[in-house]
2 protein chains.
Amino acid sequence: MATKIVEPEAGPRSKRAAILAAAVDHFGEAGFEATKWSTVAERVGIGQTALYHYFESKTHCLLTIMRLELQRSHDKFTEATADVAEPVEALRAAVRAAYDVSDQEVLQMRILQNHMDLLSGPRKSKREEAERVAARQLVQLVERDWTNLLVKGMSQGAFPLRDAQLLGASVLGLIVSVWRWYRPSGPTPLSDVSELIEDACVRMVAT
Amino acid sequence: MATKIVEPEAGPRSKRAAILAAAVDHFGEAGFEATKWSTVAERVGIGQTALYHYFESKTHCLLTIMRLELQRSHDKFTEATADVAEPVEALRAAVRAAYDVSDQEVLQMRILQNHMDLLSGPRKSKREEAERVAARQLVQLVERDWTNLLVKGMSQGAFPLRDAQLLGASVLGLIVSVWRWYRPSGPTPLSDVSELIEDACVRMVAT
DNA sequence: AACTGAATTGAACTTGGCTCAGGTTGATCA
DNA sequence: TGATCAACCTGAGCCAAGTTCAATTCAGTT
């Protein structure tokens, strides 16, 4: 029962995409709790109550952003590693793909990281809970992406045998920890980060 | 101007410690936003308004918890690495120290990680802002702890030369990423985590 | 007993997310 | 052209939870 969320097809007048974009901006820059839901409405150019036509709640919007970002991460991983047979090269490709992101996506990753804890407990309302469950499933999918990569490498003898689950979680943790501090306007270019982490991951995993 | 927060000396009837303990429990288990401030009061056995005798706000309490945990982390690092000259051994000792924690401290680390973003923006009220600044300084101190360790190792030739700042942040990120998912009641014992991460850090950093 | 500061409280205020009952818009089709 | 209907939007207010405040109790001191 891998319940897939049906993306509401966009009516021509729909402001859903605009709301998501504005929400990503504000939640990402100022933080979720620090941004007033009404501010998002203002930015989009509608009254606050109109938001509830598209999202059940402020949190529902947040969870949607998180789910979409998780979906994107998973897709990107899959695409990047699809046709790379050699384990070390696949690992490198996966890491590079993880940092091949737009400024908007940086915000989305930040939002995702800052509110992962939301995914543990159940939600009261239906649609929120649906998004949460979908997001949780995607988290597990992404974790499996990385562990599978490691398992494959281990079975081929490219990586020494260790607890792939734990090692995978650690590699993933290392990679995403960057989104807590990285700022596009900051002193360190993302390419530097990408190179260093790619290198670090290979050292961590390979012989 | 490294403004040090003066810890309010405990009057004999003071419930400050009890409040902090209860807050750590609830904020750590259920999450900060999910726990009602009044619940903490209840647990301690006082009316909600009495909380404001000890803390300016719910957030002020949170920031205090974070600062105390950062202080503890820094102290522990210092103590663990003080008399270890050999860089690799110092690194190992530091990692082991990071995971040598009580269940209560696990909660504190979780709270800290989940609300790091609070430290970026300024706070409106005086005492909150004081705690925030103190915490931010401690974050930098801890980051410097790790980079210094790496710099020392690099200058001694034990570690290959690389951007110590960035590498330090990454090592630290890897270590603390564990607190997002680790549960004392979970299937993986912390000793396993500690060993794997210790190993991973050495691989990341050393030749 | 009078005094003092710490500790506590009930009642009221504030803010921001949210509900509700209805109004407007525009794509579609006669 | 105009009728219809679902999508879209709004003003007025509700409610929960954090917070303020003036007044009170408590414990130790003089």
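Labels below follow one simple rule: chain letters A, B, ... track the order of the sequence lines, proteins then strands, and each chain is numbered from 1.
Residues Glu56(B) and Ser125(B) have side chains in contact (heavy-atom distance under 4.5 Å, counting atoms from C-beta outward). Side-chain contact between Leu119(A) and Met66(A) is present, with heavy atoms from C-beta onward closer than 4.5 Å.
Thr64(A) and Glu131(A) are linked by a side-chain donor-acceptor pair at a separation below 3.5 angstrom, with hydrogens and angles left out of the test. For the residue pair His115(B) / Glu33(B), a side-chain donor-acceptor distance below 3.5 Å is found, with atom types taken as modelled.
Look at Glu195(B) and Arg92(B) and you find no salt bridge, because none of the NZ, NE, NH1 or NH2 atoms lies under 4.0 Å from a carboxylate O. Ion pairing of Arg162(B) with Asp199(A) is present here, as a side-chain N (NZ or NE/NH1/NH2) and a carboxylate O approach within less than 4.0 Å.
Using a 4.0 Å heavy-atom distance criterion, Ser125(B) is classed as making no nucleic acid contact.
DNA chain D is contacted by Ile46(A), Gly47(A), Thr49(A), Ala50(A), His53(A), Tyr54(A) of residues 41-63 of chain A, taking any non-hydrogen atom closer than 4.0 Å.
Residue Glu79(B) qualifies as open at atom CD: its count of foreign heavy atoms under 6.0 Å is 12 or below.
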The test is side-chain contact (heavy atoms from CB on, under 4.5 Å); show your working for Glu69(B) and Leu138(B) and say whether it passes. CA-CA 10 Å; Glu69(B) 177 56 27; Leu138(B) 283 164; over 6 Å; no

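The aromatic rings of Trp179(B) and Tyr99(B) sit tilted, their planes meeting at an angle between 30° and 60°.
Bracketed by its first and final contacts, the part of DNA chain C lying under 4.0 Å from non-hydrogen atoms of chain B reaches from dG5(C) to dA11(C) in 5' to 3' order.
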For nucleotides 22-30 of chain D, just jot down a letter per nucleotide in 5' to 3' order: B, S or -, based on protein non-hydrogen atoms under 4.0 Å. ----BS---

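Relative to the six-membered ring of Tyr54(B), Lys15(B) misses at least one condition, a distance below 6.0 Å or an angle of at most 45° to the axis.
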